[in-house]
Number of protein chains: 2
Amino acid sequence: MSAVESGAGEWTERQRDVLDAALRLIVEGRPLTMTSLASAASCSKETIYKWFGDRAGLLTATVRHQASRVRGTPLPEGRATRDALEASLHRFAVEWLTVLGGQTSVALNRLAVAHAGTDRAADLGAIVLNNGPLAMEARLVPMLEAGRLAGILDFDAGDAETAARSFFGLVVRDVQIRLLLGDPLSLSPAEIERDAGRATRQFFTLFAGGQHRSTGGDS
Amino acid sequence: MSAVESGAGEWTERQRDVLDAALRLIVEGRPLTMTSLASAASCSKETIYKWFGDRAGLLTATVRHQASRVRGTPLPEGRATRDALEASLHRFAVEWLTVLGGQTSVALNRLAVAHAGTDRAADLGAIVLNNGPLAMEARLVPMLEAGRLAGILDFDAGDAETAARSFFGLVVRDVQIRLLLGDPLSLSPAEIERDAGRATRQFFTLFAGGQHRSTGGDS
DNA sequence: AAACAACCGTACCGTACGTTACGGTACGGC
DNA sequence: GCCGTACCGTAACGTACGGTACGGTTGTTT
């Protein structure tokens, strides 16, 4: 409880080293115990407890630490044209699939999913959620809304979130859950490129302006 | 090692009671320890070990036990018409979202995801995978292929799996991962019905025969 | 009735791990 | 030189839990 407690502040370089070591243990599948972390980071357990309080605090700090550097590349906010929007969506999909397929994402999502079922204290699930699907939506919605206002996309006002979630589905499909369940999925850059292209094309088929009725209606 | 060992066989009614008790513990978020299970199921730990070998065996038996009764409703294999196929896909989507949103599915997927990261012995991930996304695909592909042969759907031969996974994405979107991460998503029957309808309509927009070029090509 | 099997309940063992305590070292301030 | 602070390394404590052993009860067979 020196400089930061649980919220926004940053960590010392040395503290960040320890968090990176914890991350490395998680990603490499080795058990993350206080002893193993102390050994891996060449620090003492007492120090870890002093810095992070307890194991839950350590885990949240680790997840936050990783989340703090996954901010995607800022999207170019130029004049919206069909080609520019398509390129942005494509790049977005590539970036997203690349992140999802990475060892770090898989490991952290596993950790968060596991703890979402048991613990009540450490809200790892909420952290990952906010830096995962919800962050993607938050970045996507303004793009789609701009596309709608420019007449490139066609969906009802206020349905940008729905469209964003459909795009998510077209991009991710069953890839993430299969990876989390241990499916040895490959996801080479070439495949990611191809899948991103397919998803983007499908998205424009669904939501391109002026080609068909809105898909947001009820049955 | 009386009647069954680890593979296909069934369990005694009493044994199934124990597995159900284990399932109940998992679903209700209470810790599943051998002692707690013995207490909850009113049986002795020694009996549990005799029946299921060890904890890993118990978990796999539990997951298998649940998986053995989630077989979806058999799809009507009549003459393929556009309306019949749409109705089948719609029903499929409703069923799938209902299962995914259930406490049991969330709890078991969490368990399997957690173990996919650590254990090497118990392949819970593989079991859930085979009874989850892969089972859905296996049921979906013949339907889509029949639709393609009847001229209702349009995708390249052999791309039924790709189409099925796109359908999966349109139906599930980010719902499953958000649920697994603890997002308090509601998923009322009305919402499921609406989402299934939207996904089915979107799928036909993408893959209806003779309306546009195939979307399966490369860039 | 005796023998046996299946099972329950519980005491017990070994170990892994979170957490704490403590001795030892390096360093800046006075 | 001395004190306080920060840290390392490690021993020690308490607990939870997987796994085992054993006595007691019930039901079945001979």
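It should be emphasised that the depicted structure is a prediction, and the values quoted were computed from it without experimental measurement. A, B, ... follow the sequence lines: proteins, then strands. Residue 1 opens every chain.
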| task | Take atom CD of B/Glu46 and atom P of D/dG23, then tell me their distance rounded to the nearest Å. | result | 12 Å
| query | Once you round it to whole Å, what is the distance between P of D/dA12 and NZ of A/Lys45? | reply | 13 Å
With no hydrogens and no angle check, do the side chains of [X] and [Y] hold a donor and an acceptor under 3.5 Å apart?
X: A/Ser39; Y: A/Ser36; value: no
X: A/Thr200; Y: A/Glu86; value: no
X: A/Thr104; Y: A/Gln66; value: no
X: A/His115; Y: A/Asp123; value: no

| Spacing of A/Phe167 atom CZ and A/Leu144 atom CG [to the nearest 0.5 Å] | 8.0 Å
| query | Is B/Ser42 touching bases, backbone alone, or none of the nucleic acid, heavy atoms closer than 4.0 Å? | reply | sugar-phosphate
| said: For a quick check of understanding: with a heavy-atom distance under 4.0 Å over all strands, which category does B/Met34 fall into, base, sugar-phosphate or nothing? | reply: sugar-phosphate
| field | Covered region of DNA chain C, 5' end to 3' end, by chain A [heavy atoms, under 4.0 Å] | value | C/dC17 to C/dC22
| message | If I compare all heavy atoms of A/Arg55 with all of A/Leu32, which pair ends up nearest, and what's the gap? | response | NH1-O, 2.6 Å
